[in-house]
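Structure first, then comments.
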Amino acid sequence: MILAALFFVPIGCITMISPIPGGSLVLPAALATLCYASPRFRHCARYARSKMNRLNKLMIWAETRLGRRIGGALELTRPNTYAAESES
């Protein structure tokens, strides 16, 4: 599953700049798949969100607008959820 998501991330990036509107659907789906499947990706995303406030604000904005499935995956990368997971 991780390999499929890693395959779709570049495809999503390429189609974002093309006139075909599929990139806006492929890229978030691939990133959501990585969030669910890879603990290392979640850790790296948490670290990046904790160090870059603007990125964190953009991710929170995206979480609220992407719906339950994709937004829920992005919530796994919130910096404050890391402390809650390590306590349990």
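Only heavy atoms go into these numbers, but all of them, side chains included; no hydrogens, no water, no symmetry mates. Treat the numbers as computed from the prediction; the structure is a model and nothing was measured.
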Should R54 and K57 be marked as a side chain to side chain contact (heavy atoms under 4.5 Å, CB included) after you check the CA-CA gap, both sets of side-chain angles, and the distance that decides it?
CA-CA 5 Å; R54 185 171 179 193; K57 287 180 182 179; 5.7 Å; no

Spatial distance of atom SG (C44) from atom CZ (F41) [nearest 0.5 Å]:
8.0 Å

Which value, rounded to the nearest 0.5 Å, describes the distance between E63 atom CD and L58 atom CG?
11.0 Å

Could you tell me whether the side chain of R49 and the main chain of L55 form a donor-acceptor pair under 3.5 Å?
no

Please check if the side chain of S38 supplies one atom and the backbone of C35 the other of a donor-acceptor pair under 3.5 Å.
no

Hey, does P79 have a side-chain heavy atom less than 4.5 Å from the side chain of N56?
yes

Tell me whether R46 contacts the main-chain N or O of L76 through its side chain, where contact means a donor paired with an acceptor under 3.5 Å.
yes

Hey, could you give me the CG/CG distance between L31 and L74, rounded to the nearest 0.5 Å?
7.5 Å

